[in-house]
Protein chains: 2
Amino acid sequence: MTQTGQRHEEAIAGVRDFNRFYTRFLGALNEGLLRSPYSLSESRILYELGTRHSVTASQLSAELGMDPAYLSRLLKKLREADLVLASASAEDGRATVLSLSKPGREAFANLDRASHEEISNILMPLGPDGASTLVGAMQRIRAALDPSTTENPPYVIRPHRIGDIGIIISRQGALYAQEYGWDGTFEGFVAEIAGGFLKSYDPKREHCWVAERHAEVVGSVFLVDAGGGTAKLRMLWVEPSTRGLGIGGRLVNECIRFARDTGYERMTLWTNDILVSARRIYEKAGFRLVAEERHHSFGKDLVGQNWDLEL
Amino acid sequence: MTQTGQRHEEAIAGVRDFNRFYTRFLGALNEGLLRSPYSLSESRILYELGTRHSVTASQLSAELGMDPAYLSRLLKKLREADLVLASASAEDGRATVLSLSKPGREAFANLDRASHEEISNILMPLGPDGASTLVGAMQRIRAALDPSTTENPPYVIRPHRIGDIGIIISRQGALYAQEYGWDGTFEGFVAEIAGGFLKSYDPKREHCWVAERHAEVVGSVFLVDAGGGTAKLRMLWVEPSTRGLGIGGRLVNECIRFARDTGYERMTLWTNDILVSARRIYEKAGFRLVAEERHHSFGKDLVGQNWDLEL
DNA sequence: GTCATTTGATTGACTTTGTCAACAAACTAT
DNA sequence: ATAGTTTGTTGACAAAGTCAATCAAATGAC
């Protein structure tokens, strides 16, 4: 078998394994829900009605993947229990618009609270970090299996936290090795600079921003004081898998804004000519190329560039 | 609301969202399975019997979370269809040992193949990388929700590769912050040392070892030349979740062996008295405490220690 | 050894859940 | 106007699952 074939087989086994595991997990969760007086299907209906504004029976049936006949009977039962209100639709005489009555909303709130609490109890022992890795992993699964719903995936730009810097070093080292063949000294170079930054940066005049998506660090940039009213932008990096979302531009803009607010008069940065996508970001932000020089670093012959921006 | 409270709420919402999504996803998968002549429950029984060697009805009922009465009826049906064989248990006269007959194994193979193909079709469009991120995310979820299944998988000690150093920095920074409350300068300290090492280490006389488990870096140590025939062991670290496997001892032993082979006359290391588990490893390896001094670093008052070992 | 208790498997009697076909009323397209 | 859809409903069933009772074998206390 080919090596990719091998990996494919392992992936299939992994997914099947997870599916069996998660089937049991969801089963256990639903058992908790069964302590409520409503059946699973009824709960799902209540949930759907509780979170959407107005739905018709046919929409419900489509969205819950439920048989219309069965749904009709369940709705009848819920109407008789005064939990659900049905009114004829204005646009379509056949359709009935469904909504929750006051006691229905109460029932929904109870269900919602119970479910919320159940999940909360599961997350508690994981701690905040464990919980966010968990949720990040879930988002990644969803993004993989259902690309349509996550077309506009959110990311946040935030200040760095403990542990971020190492990730930034690792990813940059691996990335430039893979894309441009730079050797291990590049990772060392980044580590030394970033380490020096951490040890002695001035929070009022210097800063590191991190882009995070799905609980993963996917980009970063540093702004340091170069003296003489000049701020230096360093080590801009965006994970290739997230390119095209404008993360690089956002990071650079954060830098510029911070530099302006802090009172710097100009910004400067050093990069290499082969980093084309970074170059475009700098141009767009208003930077001008002011000097180039050849150098040999990280096992390659490179052309370094200095870019400036008057603030 | 507090900031952690906020994050907790978001995590809960994320998990609930994922659960709704995955319920639908699993439902869709099971529909594919329903094209087989067996019901979902029957399929689950066949699957369980097909993958395990011998099971009793009560074990099955416990593992599948199925009512014994219902299971009994399903088994009767499967026995009548000649798919399942039942024989009295040798140890327990009440229990019946279940297994698949020849046609039963065939039926299982068909089910298995169908499920395999279904997953394969889902993974295909993701490509090998997409598939392995997916499976990785699933494993992380499982590890978070079901820590018991963490068996005792082997680890390997190997030289560092590009990207490892950043991970080492990140994990150490996060770990010492969490366990001892050290501030961000510690991550910077580690980054600077590790970065300097990468930039200019002599591969013949200096080395970094990494412990890897589950394709994850879980420990590391550096050995550097301190001059005058002395080798310095630096930054020993083992991920707490893997403690007790002897990884720390293995790493230190690698260092000692390398130092001997390289012709160093003695080894030295610097650590802090609060790192008790590291201290035990050094003692066991033959190191002697030679000096202690108080210092203020990483936001804490600490007691530094020097340990020596004659080779 | 005996006797009460527990455990494994089964059965009868039942409820809940879900499916299928048929149908009327309302809508759409021509 | 009319043929064809769509929406919601009902009857008739089938499948899935539950609960209490039962029996036989095993276990534990004495």
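Naming convention: chains lettered A, B, ... in sequence-line order (proteins, then strands); numbering from 1 in each chain. Computed from a prediction, not measured in an experiment: that's the story for all the values here.
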Which whole-number value in Å describes the distance from A/Asp67 CG to D/dG8 C1'?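 These atoms are roughly 12 Å apart.
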
Handout entry: side-chain N/O B/Ser39 vs D/dA16 OP1/OP2, d < 4.0 Å
Key =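 Yes, B/Ser39 has a side-chain N/O under 4.0 Å of OP1/OP2 on D/dA16.
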
Q: Taking only the side-chain nitrogens and oxygens of B/Ser58, find out if one of them lies under 4.0 Å from OP1 or OP2 of C/dA9.
A: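 For C/dA9, OP1 or OP2 has a side-chain N or O of B/Ser58 closer than 4.0 Å.
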
(Q) Is it the case that the base of C/dT16 and the side chain of A/Arg73 share a donor-acceptor contact (distance under 3.5 Å, atom types as modelled)? (A)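 Such a pair does not exist between side chain and base.
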
Where do N or O atoms of nucleotides 26-28 of chain D meet protein N or O atoms at under 3.5 Å, pair by pair?
residue, atom, partner, partner atom, Å
D/dA26, OP1, B/Gly93, N, 2.5

Is any NZ, NE, NH1 or NH2 atom of the basic residue among A/Arg52 and A/Glu48 found under 4.0 Å from an Asp or Glu carboxylate oxygen of the other?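 A salt bridge links A/Arg52 with A/Glu48.
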
Fill in: Ion pair A/Lys102/A/Asp82, N-O distance below 4.0 Å
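No salt bridge links A/Lys102 with A/Asp82.
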
Taking the side chain of [X] as its heavy atoms from C-beta onward, which of [options] lies nearest to it?
X: A/Ser41; options: D/dT9, D/dA20, C/dG18; answer: C/dG18
X: A/Ser72; options: C/dT11, D/dT7, D/dT10; answer: D/dT10
X: A/Ala69; options: D/dG8, D/dT18, C/dT19; answer: C/dT19
X: B/Tyr70; options: C/dT11, D/dA16, C/dT17; answer: D/dA16

Specify the angle, to 10°, made by the local axes at the two ends of the helix from C/dG1-D/dC30 to C/dT30-D/dA1 when five pairs are taken at each end.
->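 Between the axes fitted at each end of the helix from C/dG1-D/dC30 to C/dT30-D/dA1 lies an angle of 40°.
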
Any chance the side chains of [X] and [Y] put a donor and an acceptor closer than 3.5 Å?
X: B/Thr56; Y: B/Ser58; result: yes
X: A/Tyr47; Y: B/Arg20; result: yes
X: A/Asn110; Y: A/Arg113; result: yes
X: A/Arg16; Y: B/Ser115; result: yes

Ring-plane angle category for B/Phe18 and B/Phe21, please: parallel below 30°, perpendicular beyond 60°, tilted otherwise.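 Tilted, since the angle between the ring planes falls between 30° and 60°.
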
